[in-house]
Amino acid sequence: MTPIFEAIGVNRTFTLRRGGKVSRIRAVQDVSLQLDRGEIVGLVGESGSGKTTLSRIMIGIERADSGEIRYQGRAVEPKKGFAALRREVQYVFQDPYNALCPTMRIGDALAEPLIIHRIAGRAERKQRVERMLSMVGLHADIARRLPRQLSGGQRQRVNLARALMLEPKVLICDEIVSGLDVSVQAQVLQLLLGLQQELDLSMLFISHDLRVIKYLSQRVYVMYRGQVVEQGATEKVFSAPSHSYTQKLLHAIPGREYPVPAGAQGRSENAGGTG
Amino acid sequence: MSDSPKPVLEVENLSVRFPSQRGEVAVVDGLSFQLRAGESLVIAGESGSGKSMACRTLLGITPDSSRVDADRLDWKGQGLLALDRAGWNALRGAEIAMIFQDPAAALNPLITVETLISDAIRQHRGGTRAEVRARTIEALSRAGFPEPEFRMKAFPGELSGGLRQRVAIALALSCEPSLIIADEATTNLDVSIQAQIVELLRFLQADLGLALIFVTHDLGLAREIGGDLMVMYAGQAVEYGRVPEVLEDPCHPYTRGLLRSAPTMASDRNTPLQPIPGTAPRPGEAAGGAPFRARCPVAMERLCERENPGWTRVSDTHRVACHRFAAEGRGGVQ
């Protein structure tokens, strides 16, 4: 099966000039990554490892020095090709506070992609906005509100809804749950899994939280200093990491040994034991 | 526990109230806890649960519009509520120091790391120029800041997030306080750096006999810190106990909900996360009954609406504020 979206041998070096000194940072070094249809792929690594740069190259808002991006098996041309891709590949940004225009009502923000791409008339736009809001578990009333009237979790759902308005085939999520409280994070993660199944989405999920990646993704890529140092089935990579950096990451997970609380998996046989 | 030293921090029935259109609302509501030298307290809860506001009362930096009340708010036997501006200035930084969530925003971008820390030392401890410099270097190296002699000339903007957080820790340590409050101090850091910082805090605590209050919403981190754990919801403490007790035998429906909604390395999609339904109440909304009642899977119809549950004893060190638990024990909250 041809991967729906892939990066092949991508390189990117940034040149910094400071006080007469020139330094080069090899942000992405010969990275190849594949995303199959309907698959959630995790991309982990610490800040500065090149995760975000790679994902930005994949949607064409950052230029690669060399290498190729392929969509459905065909190479994407710089500029023109990415513009055409903008409907099919959507990006959800990290910060739900800054990603929404503060003076634009939620309904208008959600309808905007439809207007830009000249899809649907006014009445149908309104319908689609309502349908999408309910799909991400928000009430239709939200459409009349402004971003500052929403909680962090609601905003992140709105961001997701906006990315889904054009019915994309690929979703790139950059640290979208790291700023959220655990209970809200759980709601968003469940939502992502539901949407993946319902819409047959393919997702590249970028995070530095290995617990989240473990929960969500079937395959994982580990990036370190611009390179992919390990990749494979999430289960396998996390249970038997071969690269020392992956081992270090796994070792650093807080409370990694703490048990799942009693009753978390419907431990009904013991229910009603006391009292 | 009989021969343990007197607590350095004693808090009884602490509340912070703000005026609102619906009258006064409590953002922190009736907290009580104690802390001894060399001990730690983890405060866990979600945004808006009042964790940070409770910590701010210990530094006298609650907003002007707020009203702080307590039956007791004592630091080494001295009442904090009666302190004037000069009293707070002598205490803040010198006795009680805080590490804030966002190291980028907490450091002045226009002054170097050296100036930042030596100013604090000069203010609280004084000394000759050489002494202040030596102390600055010592504080930085204790916080794991590499090559402080050379790199302390840097501005905060020239440092990575992990290094900035180390500067914030060095600043907190610089005047050798007896209590450090770390408010989500590692939340935005990568796991590997987070682990380093947590290890550092634990080491400093053991080494210097510091008391530590660690605020987090990550229960995995609570396990790493150890000591006591206070779970807060809507301004109130709902469960309190030793960290392993609370995490292995969670008795409040909210604590259980938090644990079920957090992915761990043991979870995958075959054991779906169980998010807590609904959203956290706004300040004042939960007043009256049990604070968690609106989202609680085992709420008791009348009782939880009307009456705030008092503490129920689970063990000598573990207590929970839940009507259902009080009535039916563990079976009731499963």
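Order of the sequence lines sets the chain letters (A, B, ...), proteins ahead of strands, with each chain counted from 1.
The closest side-chain heavy-atom distance from B:L273 to A:Q185 is not below 4.5 Å.
The minimum heavy-atom distance linking A:V182 with B:A262 is given by the pair CG1-CB, 3.9 Å. Closest approach of A:I253 and B:E224 over heavy atoms only: O-OE2, 4.2 Å. Considering all non-hydrogen atoms of both residues, B:P263 and A:Y215 come closest at CB-CB, 4.1 Å. Here the closest non-hydrogen pair linking B:G220 and A:R211 is CA-NH1, 4.4 Å. Here the closest heavy-atom approach between residue A:K214 and residue B:T264 is recorded as CG-O, 4.5 Å. Between A:S183 and B:S261, the shortest heavy-atom distance links the atoms CA-OG, 3.7 Å.
A:E235 touches chain B through its side chain: at least one heavy atom from C-beta onward sits under 4.5 Å away, while N, CA, C and O do not. Heavy atoms closer than 4.5 Å to chain B are found in both the backbone and the side chain of A:E46. For B:R295, the part lying under 4.5 angstrom from a heavy atom of chain A is the side chain only. Contacts between A:L216 and chain B at a heavy-atom distance below 4.5 Å involve the backbone alone (N, CA, C, O). Using a 4.5 Å cut-off between heavy atoms, B:Q194 touches chain A through its side chain atoms alone.
Separation of atoms CG (A:D209) and CG (B:D218) is listed at 7.5 Å; rounding is to 0.5 Å.
Highest contact tally toward chain B, considering only A:V184, A:L210, A:T234, is held by A:L210 [criterion: heavy-atom pairs under 4.5 Å]. The candidate from A:L249, A:V188, A:L193 with the greatest count of non-hydrogen atom pairs under 4.5 Å with chain B is A:L193.
A:Q187 contributes no side-chain N or O that, together with a main-chain N or O of B:P277, makes up a donor-acceptor pair within less than 3.5 Å.
Taking a 6.0 Å sphere around CD of A:Q247, one finds it holds more than 12 heavy atoms contributed by other residues, nucleotides or ligands. Other residues, nucleotides and ligands place no more than 12 heavy atoms under 6.0 Å from the CZ atom of B:F203. In B:R202, the CZ atom is crowded: over 12 heavy atoms of neighbouring residues, nucleotides or ligands sit closer than 6.0 Å.
Applying the ring-ring contact (aromatic ring centres under 6.0 Å, His included) rule to B:F145 yields no partners; only residues at least two apart in sequence or on another chain are considered.
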